[in-house]
Structure formats: structure tokens, C-alpha cells
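Scope of the values below: all heavy atoms of this structure, side chains included, with no hydrogens, waters or symmetry mates.
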Amino acid sequence: MRTSKVVLLGFFLLSLAGTAEARQQNERRLVRSWAQNQQKALSGFTKFGVRATVHHVVDTGNGKREADIEILFSGDPSLPRHRPEVEEFILNGEKLDTSERRRVQQSLTSMMSPELGPLLYDFSSPFQSLKRMRAVGGPFPEAIDGEQLMRFNFVAEGPEERPEFGNDRRPPPPGRGQQRPGFGPPGRNQRGLPIGGAPEERVSFWFDQDVERLVMSSSKLMFPGRRMLEIESTYERIDGVDVPVWRTIKGSFPMKRRLRTTTVNLEHETLYSDYTFTKE
């Protein structure tokens, strides 16, 4: 009798596990369906535009550098990435001439290491990110600000291609462009930060209960050299497309200056507005 009860219990547990797995697979299919519908919605447009208002603060412990930047993104909405066009750049209260691309680039890289710049100043549709993501958990029902949402967790399986911000530099002449000695050990750039290697990235997406509309996302990127960034975004649906309307990036990381290493704190906020989607 005891043996039969154990067998029945085993079948019951296997049935529950199978039901839970089937439910998860169904919910993940809903995420793929959402991404396909987003791609279909974008394919109906030939051009898009959006304005990004950026407030950027870097605190090195010895002082702050602040920038307020107005950026336009436009072009083919089906492309994964879009290069920014700077309309206004105010650095520490000084308004820069945005036609001087080299000065704008130098100002940006002086505030942030070059490999992080493209991450801060870019625009992409959220469904594009799922193409390189692997689901690792969910759905998890959660109530946020009074709304019932479904959270899915993912990990990135490859680096994201990002255009360099304001890059108009030519290749260095032979014998130039190499790292000078005395700026950190081998494998580091002139700021003493590790170079090379993709960051480890974990992402959560929150959808509405029917998994038909993206509401918010949260990402954590861990770079070599004990550098970490946390990204939070909220989305709204415009012309059938879920687009970001707000994004914040925060993080801290060590930066080598002269003979000592200091901790740099970053706060970067972007508001997206004036979306346009057009057909030709």
C-alpha cells in the first residue's frame, strides 16, 4: 500500500512539473509573439524620429562634471541602432558649438570611458534586444504601482553592436595611437580601465497581464574591472510600437588618475519625446 502511494505521489508531482513547464513555455511564446508583432508594426513605417533630452552627471569625488544634451534620432525604424545627431550641448554651463564634432566627442569621452559612451547615447527598439537574449525565468506575476504585470528574466548571449558616438576620428598614423607607458598595467586603457571583453548582462522585462504591451525593463551590466551599470526604462505604446519614454543609468567604477585610483559615480537620465512614425 505504501509503495502505491509513493508511486501516485511521484506521478502527481511529475504532472505538476509538466503543467508548470507547459505554462512557462506558453508564456514565453507570448513574449516571442509580442516581439514579432512589434517588428511587424515597425515594418509598416519607412522613417521615424524622436528627441532625447539628456542630463548627465559624473562625480569623481573631487568635483562634478554635468552636461545637458539635446539629441535627435531618425532614420529607418527597422534598423537595430541609430546614430545620434546633437542639437545642443551644454557642458558645465558652457554651450558648445555642436558643429565642432571633434570638440563634442572630446567632451563626451572626457566625462566617460569610450567603451561606455555608445551605451549612454544610443536609441533602439526594445524588441531588438530580445534577439540576443536567453530566457532564464518567468513569468513572475508582480503588482507595480497598482498594475498587475508579468516579469520575465533574460541573460544576454552576445555583445550588442553600438555605433560610436560622434566618431569622426581617422586611423592613427603608423607608430602612433599606442598606449603610453605609465598609465596602468597591460590590458588597460589610459584611464587604467580594463579593455576588451563583453559585459555580463542580465535583463528583466515587465509586460501587461496579457503579455501584449511592454511596460518597463531593468538591466544590470557588469564590466571587467569591477564596473557595474544599472539601467531602468519605462515604455509607452505609440502608433502600435512600444517605445522608451524615460531611461536612467546609474553606476560606479574605479578610474585611475595619475598615481591613484578613485571611484567615479555616474547618473544619466534621458527623456524621449516628439515621436514621429511616417510612411512613404
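No close placement of the Tyr275 and Phe48 rings is indicated, their centers lying 6.0 Å or farther apart. For His56 and Phe89, the ring centers sit 6.0 Å or farther from each other.
With values rounded to the nearest 0.5 angstrom, Phe207 atom CZ is found 10.5 Å from Leu149 atom CG. Here Met222 contributes atom CE and Arg202 contributes atom CZ; the two are 6.0 Å apart, rounded to the nearest 0.5 Å.
Taking 4.0 Å as the cut-off between side-chain N and carboxylate O, Lys220 and Glu200 do not count as a salt-bridged pair. Asp122 and Arg247 are joined by a salt bridge, as a carboxylate oxygen and a charged side-chain nitrogen come within less than 4.0 angstrom of each other. The pair Lys250-Glu269 fails the salt-bridge criterion, with no side-chain N (NZ, NE, NH1 or NH2) lying under 4.0 Å from an Asp/Glu carboxylate O.
Summarising the geometry of Met150 relative to Pro139, their closest heavy-atom pair is CE-CB, 3.5 Å, with the distance given to 0.1 Å. Summarising the geometry of Asp76 relative to Ser78, their closest heavy-atom pair is OD1-OG, 2.8 Å, with the distance given to 0.1 Å. The shortest non-hydrogen separation linking Val215 to Asp208 is CG2-N, 4.0 Å.
The side-chain contact (heavy atoms from CB on, under 4.5 Å) search around Glu88 returns Glu70, Ile90, Lys95, not counting sequence neighbours. The side-chain hydrogen bond (donor to acceptor under 3.5 Å, both in side chains) check on Tyr272 picks up nothing, with sequence neighbours excluded.
Counting non-hydrogen atoms of other residues, nucleotides and ligands closer than 6.0 Å to CG of Asp145 gives a total of 12 or fewer.
With no hydrogens or angles considered, a side-chain donor-acceptor pair links Glu142 and Trp206 at under 3.5 Å.
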